[in-house]
S.K.: 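Below: one structure in structure tokens.
In each ligand, atom 1 is the first atom listed, and ligand 1 is the first ligand listed.
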Amino acid sequence: MKRNEDLFTRARNTIPGGVNSPVRAFKKVGGTPRFIAKGNGPYMFDVEGNVYVDHVLSWGPLILGHCHPEVVSAVKAQVDAGTSFGAPTELEVLMAEEICNAIPSIEKVRFVNSGTEATMSAIRLARAYTKRSLIVKFEGCYHGHVDSLLAKAGSGAMTFSLPDSSGVPREITSTTAVLKYNDIRGFNLFMDENGDKVAAVIVEPVAGNMGVVLPEEGFLETLRQSTLEHKALLILDEVITGFRLCFGGFQNIVGINPDITCLGKIIGGGMPVGAFGGRSDIMSMLAPDGPVYQAGTLSGNPVAMAAGLATLKVLKRENPYPILEKTMDEFVDEITGAANKAGIALSVNHKGSMAGLFFNEGPVNSFDVVIESDTKTYSSLFHHMLERGVYIAPSPFEAFFISNAHTQDAMGKTIDGMKEYIMTRV
Ligand SMILES: *Cc1c(COP(=O)(O)O)cnc(C)c1O
């Protein structure tokens, strides 16, 4: 059977590149994308009946694995009651209360349909609140495909940036400055010069879109302190990290209170959701209370709210975070041990259930170092694992995830596959 290949050929006739989000196309690793028929716990099944241990997990949302029974039954019940009303529901109130309780810096929250919508709206709000236009972001951080955030640095940390995508006018990205992640000195120099023009600094508190890069000591603290000094807002993009590393945001762990937080992925339990929330005086600038327009036909969709609430309920009750961390620690020990023995440069950054695997001497602490990684080796690892029934991200610069459903059996398969690959490289 070659149904994956047949479907990909057909898909390319009617869908650009055959996919509805570029990284699904396997361009970075080569080969034919797998068309998925169903999932169950840590496993995903393609249309040819192949089974994979899934370490992409829909790029983050599925911290409970595929088809958690409580999430499935919450969704089914809501579908029976109606899929969308375009009028408020109790579920939205419950979800908002749950999030405000879990993340103290969020006094009010609004739901949207994707992480992109959350960051886009957060930026509009920050600009309105501060009456300034400049946004600071960091190289290698991804905040969705918002025009003004699709920018990378020019030659140095201090350059105002050029668009990362065709179709984004230079005038738009010229309101975005791109600095280096973890470069405290560079950030301070920039703020000394430009701080009074900055509406907001947006950052992934643990970067999860260039593999995984952890914030170095003092980095996030510096962003908080400096934005306060310059009366700019701090936006933590916790679309990946929200409810992934503890019940709340990474901000709960490091004790940093941003002005606005962006959420998505896990809080939708596998349904399309985003959210942004923060200080009450800032959030009250949104329509209908204030002058900042923001809306959505399907925002706060009841099916999505039901899936998200069910997911948060399980996370709160079971507190899987210590076990996830232990499972990941064991995995990392196993593979880095094997790589060391084999004399292969493998650096793994990890925090809780997320990891970045880099064929790189390391330490990998910024985008500059990330891109020095050996991507050919990653691609051959990817195909080795795929053949052995383990699905890791089809790109060297995406996170490796585990879920609450990743049993010893599933992890054993992944660890064996990785070790076997490492041995082939000796
Ligand atoms: C995935 C992601 C987004 C974008 O979310 P979408 O739902 O894909 O629009 C924004 N920020 C971060 C940190 C993300 O990982």
S.K.: For R24, give me all partners under side-chain contact (heavy atoms from CB on, under 4.5 Å), at least two apart in sequence or on another chain.
M.R.: V19, N20, S21
S.K.: Under 3.5 Å, which donor-acceptor pairs link side chains of residues 307-314 to any protein atom two or more places apart or in another chain?
M.R.:
| residue | atom | partner | partner atom | Å |
| --- | --- | --- | --- | --- |
| T311 | OG1 | A307 | O | 2.9 |

S.K.: Would the Y142 and F397 ring centres measure less than 6.0 Å apart?
M.R.: no
S.K.: Please report whether the ring centroid of F26 lies less than 6.0 Å from that of F382.
M.R.: yes
S.K.: Whether E139 and K180 form a salt bridge (side-chain N of Lys/Arg under 4.0 Å from carboxylate O of Asp/Glu) is what I want to check.
M.R.: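 Looking at E139 together with K180, the answer is yes, because their closest N to O distance falls below 4.0 Å.
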S.K.: Please enumerate all residues that pass side-chain contact (heavy atoms from CB on, under 4.5 Å) together with T222, with sequence neighbours excluded.
M.R.: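 side-chain contact (heavy atoms from CB on, under 4.5 Å) list for T222, sorted by chain: I184, F187, N188.
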S.K.: What are the atom names and distances for all N or O pairs under 3.5 Å between ligand 1 and the protein?
M.R.:
| residue | atom | partner | partner atom | Å |
| --- | --- | --- | --- | --- |
| ligand 1 | 5 (O) | G115 | N | 3.4 |
| ligand 1 | 7 (O) | G115 | N | 2.9 |
| ligand 1 | 9 (O) | G115 | N | 3.4 |
| ligand 1 | 9 (O) | T116 | N | 2.8 |
| ligand 1 | 9 (O) | T116 | OG1 | 2.6 |
| ligand 1 | 11 (N) | Y142 | O | 3.3 |
| ligand 1 | 11 (N) | D237 | OD1 | 3.3 |
| ligand 1 | 11 (N) | D237 | OD2 | 2.7 |
| ligand 1 | 15 (O) | N209 | ND2 | 3.1 |
| ligand 1 | 15 (O) | K265 | NZ | 2.6 |

